[in-house]
Visitor: 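Dropping a structure here in structure tokens format, bear with me for questions.
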Amino acid sequence: MKRSACLIFNPVAGQSDSEQDLEKIQAILSPEIDLDIQLTTKEVGAKELAEAAVKRGVSAIIASGGDGTLSAAAGAVVGTDIPFGIISRGTANAFAAALEIPDTIEAACEVILQGGTRTIDAAYCNDLPMVLLTGIGFEAETVDKADREAKNRFGVLAYIIAGFQQLRSFETFDVEIETDDKIIKASAAAVTVANAAPPTSVLAQGPAAIIVDDGLLDLTIVAPANKAAAIAATFHLFQTASTGNSVERDDIGYMQAKKFKITTDPPQKVVVDGEIVGSTPVSIECIPAAFKIFVPTLQQDDPIEKLNGLPNLTIEPKSDSKESI
Ligand SMILES: Nc1ncnc2c1ncn2[C@@H]1O[C@H](COP(=O)(O)OP(=O)(O)OP(=O)(O)O)[C@@H](O)[C@H]1O
């Protein structure tokens, strides 16, 4: 029987031609999947469309847009059995990178066609679904400053420009972090709580690896004393993220827990999965095995035979091979 899915598509995401993008997706998926296509509008977003699709009892939901669209649709799927597909067409594509899903339309559609799924954790941050991470302080200010116009003009550079602007007005705050068994107090410039994080979210990269199905959240505190230390700390995080090592600087700390309650003085902006949602205090709790996403199926093992290229190589089929075994 032909598969079916609701495709939630943001026609204004990213910088490419969305009509062409939609045609491409339909051309690849439609031969095997009946698509119920729902376009987001300013008034009716991915969250509402995905919630309605869940209510209709669709057998799969595919979201296509920037990180805002993907995370809003994913939030509606959390706690259901409906497999969720991701076709990333945004500026930063953090969602796809964090969940190791390809970010070209062709490859992302191929993943959905293959049909392999993985169950992953999610979290709630003050009742808002979170799949990737909550940023407090520096990252939230950076997202706040990278506006739509800048993203259209500069793409992912908008975040980098906003990051440098933010560094100029570098500020620290007092933070209190409560888990089930401890209360930690420190000064910080950024606190990040991650369920999953792309390597580009450097402020989340304290631990060596952020595992998306371990039932735990990873918190990273970055607390440099001045701007020079902030640059050095960010660079260290970038390096350790690329090499898969944990950080080793006194001004960066990290820990794991199922649940964090975070208060700051003064209150700080909070960004959940790339969208500013308010300010501290926040309570963030992991929801283990929260939902299923389409992921690439395992690559085939390397071939077990490779002979070509050997000097003086000849290979002859044996006519009596059956007898000789
Ligand atoms: N038809 C539409 N017209 C105008 N705005 C829309 C429409 N559909 C969705 N939006 C808005 O698009 C925003 C979400 O954009 P999304 O995150 O998908 O793309 P992006 O901003 O290009 O990507 P990124 O988040 O990676 O920068 C939401 O603010 C939503 O209100």
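These figures come from a predicted structure and were not determined experimentally. Counting starts at 1 for both ligands and their atoms, in listed order. When reading the values below, keep in mind they use all heavy atoms of this one structure, side chains included, and skip hydrogens, waters and symmetry mates.
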Visitor: Going by heavy-atom distance to atom 1 (N) of ligand 1, choose the closest among T40, N93, N10.
Guide: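 Ranked by closest heavy atom to atom 1 (N) of ligand 1, first place is T40.
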Visitor: Among K42, E43, E275, K47, which one has a heavy atom closest to atom 4 (C) of ligand 1?
Guide: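 Considering heavy atoms of K42, E43, E275, K47, the nearest to atom 4 (C) of ligand 1 sits in K42.
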Visitor: Does P11 reach ligand 1, in the sense of a heavy atom lying below 4.0 Å from it?
Guide: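 So P11 counts as touching ligand 1.
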Visitor: Does any non-hydrogen side-chain atom of D213 lie less than 4.5 Å from one of R118?
Guide: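 Yes, side chains in contact.
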Visitor: K292: which residues meet the salt bridge (Lys or Arg N to Asp or Glu O under 4.0 Å) condition with it, sequence neighbours left out?
Guide: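 Result, salt bridge (Lys or Arg N to Asp or Glu O under 4.0 Å) vs K292: none returned.
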Visitor: Need the ligand 1 atom indices (1-based, order shown) with element for anything under 4.0 Å from a heavy-atom of A13.
Guide: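 Answer, ordered by atom number: 18 (O), 19 (O), 22 (O).
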Visitor: Both conditions, 6.0 Å and 45 degrees, for the charged tip of R89 above the ring of F9: are they met here?
Guide: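 Pair R89/F9 counts as cation-pi.
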Visitor: Tell me the nearest of S88, G14, A96, G45 to atom 22 (O) of ligand 1, using heavy-atom distances.
Guide: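 Comparing heavy atoms across S88, G14, A96, G45, the nearest one to atom 22 (O) of ligand 1 lies in G14.
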Visitor: Are any of the heavy atoms in G274 under 4.0 Å away from ligand 1?
Guide: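 Checking ligand 1 against G274, which is what was asked, there is no heavy-atom contact under 4.0 Å.
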Visitor: Please step through side-chain contact (heavy atoms from CB on, under 4.5 Å) for the pair K269 and V277, ending with a clear verdict.
Guide: CA-CA 8 Å; K269 284 188 186 136; V277 298; over 6 Å; no
Visitor: Under 4.0 Å from a heavy atom of G90: give me the atoms of ligand 1 that qualify, with their elements.
Guide: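 Answer, ordered by atom number: 23 (O), 26 (O).
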Visitor: Grab the two heavy atoms, one from P31 and one from K2, that are nearest each other, plus how far apart they are.
Guide: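 Reported closest heavy-atom pair: O-CE, 3.6 Å.
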Visitor: Which of the listed options, G65, A73, G68, A46, holds the heavy atom that is closest to atom 17 (O) of ligand 1?
Guide: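 Considering heavy atoms of G65, A73, G68, A46, the nearest to atom 17 (O) of ligand 1 sits in G68.
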Visitor: Going by side-chain contact (heavy atoms from CB on, under 4.5 Å), name the residues that satisfy it together with A76, two or more places apart in sequence or in a different chain.
Guide: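 A76: side-chain contact (heavy atoms from CB on, under 4.5 Å) contacts with A50, E51.
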